[in-house]
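Read the numbers this way: they start at 1 and go in the same order the structure lists the ligands and their atoms. Here the structure is a predicted model, which means the values were calculated and not measured.
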Amino acid sequence: MPIPNVYRETRYEGSLTIRRDTALFGTGLTGAREGVLAMLALGQPNEQPGETTLRFVHNPALEPEQYAISCGVGGASVDAGSETAAIWAAATIAQLLLEHDGRLPYGLVEDKPRFGWRGLLVDVCRHFFPISTLYRLIDLMAYYKYNRLHLHLSDDQGFRFESERYPRLNSVGSWRKSTLKKHGVAAQDGTSHGGYYTKRELSELVAYAKARGIEIVPELDMPGHAVAMLAAYPALGCFDEPLEVATHFGVSDYSKQLLCAGKEEAFAFVCTLLEELMEVFPFPFIHIGGDEAVKDNWKRCPRCQSLMREMGLKNERELQGHFLNRVNRFLRERGRTAIVWNDGLCANLDADVTAQFWVPFLSGGAGLTARRVNAGGAAINSHCLRVYYDYPYALTPLKKTYGFEPILPGIRRRSEAGVRGIEAAIWTEWIDSEEKLFFNTLPRLAATAETGWTARGRKHYRDFLLRLQPHYALYERLNLPYAKGVERPLPLGKRIREIKTFLLTDSHAELRSNGTGTAKS
Ligand code: ACM
Ligand code: ZN
């Protein structure tokens, strides 16, 4: 719901109803039709015999995501810098309709985003979600003018992309026999869990997202978080150990199970798999993980150690840099750009790898990312204490999410443009249903939308809360669970008690006390 950056009332007061069925698209904008109509339908669910035909005109003088809306006595029209901008204009119109009982008020909007990267990550590994969940998220993302859906497709607990070259990734790697029930206890639910998306399903999703202005960024995490891949193909690890797809979460005993950096087969496997991935995902960015790779096995592995000596690498962290650089160069030759999590920013990592900042406490913290940006590199900010939506509201209240400022400390003013934008994340260790997923995501998605889009200095929490009210009605209309009454942070003592409950006894308590009461304990 990002507030437009310029909104002016016209001399006359009034409003119009829109005839969605007769929207007209000028040259260069015909591809925007599906996205525009989908957005307008969110603002005005019942087709009404409206007064006004909306005209969309391509204006090449505008930036690709920039648009202007004019609505007055003579009718309503949109100037758009591209098809994507036309979709964002339609999203703004839908928002105005929502706020004004289905009518578009007279006024002028001039708008463009603060950041070019406005993303949402969904972890479909820790818990697998049907493809229909991703469609529902894409609708909301476009409505809130997000333009990147990051799919975390490979992790210790499951592999979620159909591979024809490596079928055991699916027959073995996509399934685990059981799942840890709670933080900090060993109890397992004893139920097998898994699934994967076929290439066909993903290609259709890619087209659907593209029609709504959204690029999908697939992630294959490496060299760590690789247990599902190694369970399918143990020979890719350092010691050829039999492994099972992980049934518990976190950095743990299995986190040392990395792809072996000293084996050519491991590199060939990754490249072949990336080729398959690139056939399905045509967009420039591919995420290659790099986070939380514990080096114990690499320290003991003769092949890894011998490669280190041969290459003159000082330590295992440099070995990781070497491994990721080989993958980066493979992607670069094919016109793609690699992204790596900030704890994987090894000193020798290629400068053209985009950094995704998430954790301030590991491997150099924000300083490492800031230094790369100051040296001309690119970064995306996903600060875990601000935009990890899986964290309970007690830990990350809505106000804290809203107040997020993406320019990291230490970044020089002249390098700020290196921060390409923001990305929220829904990790799903403790999110095992659509109900909990949407509960943790809404209304946070609306808050972060404004961080990504709205100019610095134009964000005001109280104003945001007023504008948020009609969105609750939208969620209800779409049958989407959301967190109620989270506008004001709880008192600190209560927050601490709820965080303790989340960590020690019941990861679903917040949902149960706030939501529909159907959540499991
Ligand atoms: C991460 O949260 N491990 C990127
Ligand atoms: Zn090795």
Side-chain angles (χ1 to χ4, degrees), residues 119-126 150-157 217 219-227 229-230 233-241 243 246 249-252 254-267 269-270 287-311 313 315-320 322-324 326 339-345 354-363 365-366 368-369 379-391 396 422-431:
L120 178 69
L121 173 149
V122 187
D123 167 14
V124 289
C125 297
R126 275 51 177 271
H150 174 167
L151 288 182
H152 185 74
L153 290 168
S154 170
D155 213 304
D156 301 316
Q157 294 80 8
V217 181
E219 177 180 356
L220 294 182
D221 208 338
M222 62 186 85
H225 284 285
V227 172
M229 293 195 276
L230 292 172
Y233 296 98
L236 302 172
C238 289
F239 301 110
D240 212 342
E241 289 169 88
L243 285 172
F249 305 117
V251 176
S252 189
Y254 53 69
S255 301
K256 61 178 190 269
Q257 300 291 352
L258 312 185
L259 294 167
C260 177
K263 281 185 184 167
E264 267 317 292
E265 311 90 276
F267 182 67
F269 164 84
V270 163
H287 207 301
I288 57 173
D291 58 323
E292 296 175 324
V294 176
K295 308 294 189 304
D296 295 9
N297 273 10
W298 280 9
K299 285 185 182 148
R300 295 192 297 122
C301 170
R303 286 191 186 81
C304 284
Q305 291 301 314
S306 122
L307 181 65
M308 277 171 58
R309 281 191 298 278
E310 194 184 309
M311 304 296 301
L313 301 168
N315 52 36
E316 287 71 22
R317 215 170 143 70
E318 289 201 357
L319 182 59
Q320 171 162 332
H322 167 78
F323 182 92
L324 294 177
R326 282 191 78 182
I339 311 174
V340 164
W341 294 108
N342 74 291
D343 50 324
L345 299 177
T354 294
Q356 183 159 12
F357 177 76
W358 71 280
V359 61
F361 335 109
L362 292 176
S363 309
L368 217 54
T369 306
I380 300 156
N381 195 337
S382 297
H383 197 304
C384 64
L385 295 177
R386 299 292 190 146
V387 290
Y388 269 23
Y389 292 168
D390 47 305
Y391 289 11
T396 307
I422 49 118
E423 191 172 288
I426 316 165
W427 299 97
T428 57
E429 288 92 336
W430 312 109
I431 295 191

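Considering Y389, F249, Y391 in turn, F249 is the only one that fulfils the ring-ring contact (aromatic ring centres under 6.0 Å, His included) rule with W430. A side chain to side chain donor-acceptor pair (under 3.5 Å) with D156 is found for one member of H225, Q257, R126 and no other, namely H225. Of the listed residues (K299, R300, E316), just one forms a side chain to side chain donor-acceptor pair (under 3.5 Å) with Q305, and that residue is E316.
Between W341 and ligand 1, not a single N/O pair is under 3.5 Å apart.
Of all protein heavy atoms, the one closest to atom 3 (N) of ligand 1 is D291 OD2, 2.7 Å. Among all protein heavy atoms, the one lying closest to atom 2 (O) of ligand 1 is Y388 OH, 2.7 Å.
Expressed to the nearest 10°, the angle at the Zn ion (ligand 2) joining SG in C304 with SG in C260 is 110°. For C238 atom SG and C301 atom SG, the angle they make at the Zn ion (ligand 2) is roughly 100°, to 10 degrees.
For E292, every heavy-atom contact with ligand 1 shorter than 4.0 Å involves the side chain, none the backbone.
Of all atoms in ligand 1, listed by their number and element, those nearer than 4.0 Å to a heavy atom of W427 are 1 (C), 2 (O), 4 (C).
In this structure, N315 contributes its side chain and R317 its backbone to a donor-acceptor pair below 3.5 Å. With hydrogens and angles ignored, the 3.5 Å screen pairs no side-chain donor or acceptor of D221 with any backbone N or O of D155.
Residues T428 and D123 come closest through the heavy atom pair OG1-O, 2.7 Å.
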